[in-house]
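Single-structure report; data block below.
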Amino acid sequence: METYIKDNNGDPQCPINSCLHGLFFSCNPSFETGQPPAFSPYGERRLCIDAFQMLFGDDRRMYFSDFYCSYPRKGTHYVTIVVTTPGSDADDFCKEHLVAIISHKKKPFIYCRPKSGTVHVSCGAWVDIFFTDNVDIRYCIDEKDASFEYCECIGYSKPNGLPKNLNCQHCNFDNSDD
């Protein structure tokens, strides 16, 4: 899978919009099973990939990018975490424009348990990973780090992304006193 330019989904002021290349991965399990949900807003074919290997190696950095909700899914908030390779152009961009998530093991919204190799996410928001490297799917499948599965597609997108809900009191700041 080759990276593509980030669209304008989410907050219109998000620094990575139209500036950074990457691939989106969702990290949200079903509350009932702990497994990927039976549905996906991203399409009917899902790539399940070993999140521990992808996110928590020494050769990865994480940055907070966005917090928003959109009109079609009122009440659902999204967090976008950017994952880069240290020293890459994407990493240099993120160092300049985003907030680094420093803690090695426990990161806000997403953390790992190294002994078990499990990855856990916050249940308070839908966590999306914007991974800034290409992914060799064939290699991942051959190494048993990934597989494809089918799921029900629920939701939609627009060519330039879904707009942020500008009326939400949780993810918008009131600057009227300025």
Side-chain angles (χ1 to χ4, degrees), residues 1-28 40-43 46-70 77-114 117-122 124-143 145-146 157-166 168 170-173 175 178:
M1 292 175 17
E2 293 186 9
T3 62
Y4 53 87
I5 193 76
K6 164 75 170 69
D7 64 13
N8 292 320
N9 194 65
D11 193 298
Q13 300 301 313
C14 179
I16 70 171
N17 289 353
S18 301
C19 292
L20 198 61
H21 284 78
L23 299 165
F24 269 109
F25 291 91
S26 178
C27 294
N28 302 287
S40 170
Y42 305 110
R46 173 186 291 144
L47 174 66
C48 295
I49 196 159
D50 185 336
F52 184 81
Q53 296 293 333
M54 181 182 236
L55 302 176
F56 290 97
D58 291 335
D59 60 341
R60 299 284 179 237
R61 288 198 179 126
M62 287 189 183
Y63 298 88
F64 174 82
S65 172
D66 205 354
F67 175 69
Y68 66 95
C69 66
S70 56
H77 284 84
Y78 299 84
V79 172
T80 304
I81 304 293
V82 179
V83 177
T84 67
T85 298
S88 66
D89 290 344
D91 190 53
D92 291 342
F93 176 90
C94 291
K95 278 187 213 175
E96 184 176 337
H97 298 285
L98 302 178
V99 176
I101 302 173
I102 305 295
S103 172
H104 180 65
K105 299 284 188 278
K106 293 197 176 196
K107 299 173 186 289
F109 310 109
I110 187 167
Y111 65 97
C112 73
R113 292 201 168 131
T118 58
V119 176
H120 300 265
V121 296
S122 166
W126 189 275
V127 180
D128 287 328
I129 300 296
F130 193 67
F131 190 74
T132 60
D133 291 337
N134 293 332
V135 174
D136 184 341
I137 297 172
R138 182 174 309 282
Y139 174 81
C140 292
I141 290 174
D142 289 348
E143 293 296 312
D145 289 333
S157 187
K158 294 182 179 179
N160 205 22
L162 296 173
K164 177 181 179 177
N165 179 352
L166 299 176
C168 178
H170 299 288
C171 56
N172 290 290
F173 297 104
N175 294 326
D178 292 344

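What's counted below: heavy atoms across the whole structure, side chains too, no hydrogens, waters or symmetry copies. All values derive from a computational prediction rather than experimental measurement.
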Excluding sequence neighbours, so at least two apart, what forms side chain to side chain contact (heavy atoms under 4.5 Å, CB included) with Ser26?
->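 For Ser26, the residues satisfying side chain to side chain contact (heavy atoms under 4.5 Å, CB included) (neighbours in sequence not counted) are Asn28, Tyr42, Trp126, Asp128.
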Please lay out, stage by stage, how Val83 and Phe25 fare under the test side chain to side chain contact (heavy atoms under 4.5 Å, CB included).
-> CA-CA 11 Å; Val83 177; Phe25 291 91; over 6 Å; no
With sequence neighbours excluded, residues passing ring-ring contact (aromatic ring centres under 6.0 Å, His included) with [X]:
X     : value
Phe93 : His97
Tyr68 : Tyr78
Phe67 : His77

Can you find a side-chain donor-acceptor pair between Thr84 and Arg60 that sits under 3.5 Å?
->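 Checked: Thr84/Arg60 side chains show no N/O donor-acceptor pair below 3.5 Å.
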Among side-chain atoms of Asp145 and Tyr139, is any donor-acceptor pair under 3.5 angstrom?
->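 Their side chains do not contain a donor-acceptor pair, so the 3.5 Å distance test is not met.
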Any idea which heavy atoms bring [X] and [Y] closest together, and the distance?
X      : Y      : value
Asp66  : Gly10  : OD2-CA, 3.7 Å
Leu98  : Pro15  : CD2-CG, 3.8 Å
Cys27  : Ile129 : SG-CG1, 3.3 Å
Phe130 : Tyr4   : CZ-O, 4.1 Å
Val82  : Cys94  : CG1-SG, 3.7 Å
Asp92  : Gly87  : OD2-O, 4.2 Å

Can you check whether Thr80 reaches Cys14 side chain to side chain, under 4.5 Å on heavy atoms?
->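 The answer is no, as the side chains (C-beta and beyond) never meet within the 4.5 Å cut-off.
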When rounded to the nearest 0.5 angstrom, what distance separates [atom1] in [X] from [atom2] in [Y]?
X      : Y     : atom1 : atom2 : result
Asp133 : His21 : CG    : NE2   : 13.0 Å
Asn9   : Phe24 : CG    : CZ    : 6.5 Å
Asp59  : Thr85 : CG    : OG1   : 6.0 Å
Ser88  : Arg61 : OG    : CZ    : 8.5 Å

Step-by-step side chain to side chain contact (heavy atoms under 4.5 Å, CB included) determination, Met1 to Asn134 | CA-CA 6 Å; Met1 292 175 17; Asn134 293 332; over 6 Å; no
Look at atom CG of Asp89 and say whether more than 12 heavy atoms of other residues, nucleotides or ligands are closer to it than 6.0 Å.
->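 Atom CG in Asp89 is not crowded, with 12 or fewer foreign heavy atoms closer than 6.0 Å.
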Salt bridge (charged side-chain N to carboxylate O under 4.0 Å, His left out): pairs with one or both residues in residues 11-21, sequence neighbours excluded |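 For residues 11-21: Asp11-Lys164.
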Residue pairs fulfilling salt bridge (charged side-chain N to carboxylate O under 4.0 Å, His left out) with at least one residue in residues 77-88, sequence neighbours excluded =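 For residues 77-88: none.
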Taking NZ, NE, NH1 and NH2 as the nitrogens, is one of them in Asp142 or Arg138 under 4.0 Å from a carboxylate oxygen of the other?
->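 No salt bridge links Asp142 with Arg138.
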May I ask you to decide if Ile81's main-chain N or O and Ser65's side chain share a donor-acceptor pair within less than 3.5 Å?
->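 Here the side-chain-to-backbone pair does not exist.
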